[in-house]
Amino acid sequence: MASFSTLSDIDLDKQVAALSKELAALKKAVSRRGGAVYEDGRDAALDTYSDLAGRLREAMPAIRKQGRVIERSARDHPAVAAAVGLVVVGLVASLLFSRR
């Protein structure tokens with residue numbers, strides 16, 4: 001059996017202490033980087049949300065106008081509206097069942 005007389009308990013304790021310090025430093029570095037990545041992602045999401053909200057705000061009058069036109073058309077032609085509704089329901093059902 002090999003002799004471990006060259007390594008003393010003090011040397012092992014020093015090595016363990018040094019490795020513990022190095023591990024703590026690495027944990028801090030990873031934590032800082034993770035926080036920065038989180039902040040960057042949050043800022044990007046907020047920018048995207050603000051941009052999208054602005055575009056929707058600008059488009060709302062046109063969307064409302066088209067909604068009124070569609071509503072008026074559905075009232076004037078209820079049979080056609082029902083047929084279009086059935087076609088849409090059929091398309092959605094076929095998409096759901098085709099994925100299985």
Side-chain angles (χ1 to χ4, degrees):
M1 200 173 232
S3 173
F4 293 110
S5 62
T6 58
L7 294 176
S8 69
D9 289 338
I10 296 172
D11 289 340
L12 288 176
D13 289 339
K14 287 181 182 178
Q15 288 179 357
V16 168
L19 288 174
S20 294
K21 287 180 184 177
E22 188 175 341
L23 182 60
L26 287 173
K27 284 182 181 180
K28 285 181 184 178
V30 168
S31 175
R32 276 181 268 155
R33 287 185 183 169
V37 169
Y38 172 77
E39 288 177 12
D40 291 345
R42 185 187 62 198
D43 291 343
L46 286 173
D47 290 343
T48 302
Y49 175 77
S50 297
D51 184 43
L52 185 61
R55 290 183 185 188
L56 281 175
R57 215 174 293 119
E58 293 171 2
M60 281 310 290
I63 292 171
R64 285 187 187 117
K65 183 178 178 181
Q66 288 297 326
R68 283 188 227 111
V69 169
I70 292 170
E71 183 182 2
R72 193 175 315 120
S73 177
R75 284 184 186 161
D76 293 344
H77 309 287
V80 173
V84 169
L86 287 174
V87 168
V88 169
V89 169
L91 287 173
V92 170
S94 67
L95 286 173
L96 290 175
F97 289 122
S98 68
R99 291 189 181 194
R100 291 183 180 178

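In what follows, every heavy atom counts, from backbone to side chain, and hydrogens, waters and symmetry copies are set aside.
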Visitor: Once side chain to side chain donor-acceptor pair (under 3.5 Å) is applied, do any residues pair with R75, and if so which ones, sequence neighbours excluded?
Guide: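 R75: side chain to side chain donor-acceptor pair (under 3.5 Å) contacts with E71.
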Visitor: Taking only residues at least two apart or on different chains, which pairs with a member in residues 20-30 satisfy salt bridge (Lys or Arg N to Asp or Glu O under 4.0 Å)?
Guide: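 Not a single pair qualifies under salt bridge (Lys or Arg N to Asp or Glu O under 4.0 Å).
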Visitor: Suppose the criterion is side chain to side chain donor-acceptor pair (under 3.5 Å): which pairs have a residue in residues 33-46, not counting sequence neighbours?
Guide: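 Non-adjacent pairs meeting side chain to side chain donor-acceptor pair (under 3.5 Å): zero.
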Visitor: Looking only at atom types and distance, does a side-chain atom of S50 sit under 3.5 Å from a main-chain N or O of L46, one as donor and one as acceptor?
Guide: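 Pair found, side chain donor or acceptor close to backbone of L46.
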Visitor: What's the spacing between L86 CG and L91 CG if we round to 0.5 Å?
Guide: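 Rounded to the nearest 0.5 Å, the CG-CG separation comes to 11.0 Å.
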Visitor: Any chance you could measure L52, atom CG, to L56, atom CG, to the nearest 0.5 Å?
Guide: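 Reported value, rounded in 0.5 Å steps: 4.5 Å.
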Visitor: Roughly how far, to the nearest 0.5 Å, is the CZ atom of R64 from the CD atom of Q66?
Guide: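 So the CD of Q66 and the CZ of R64 are separated by 13.5 Å.
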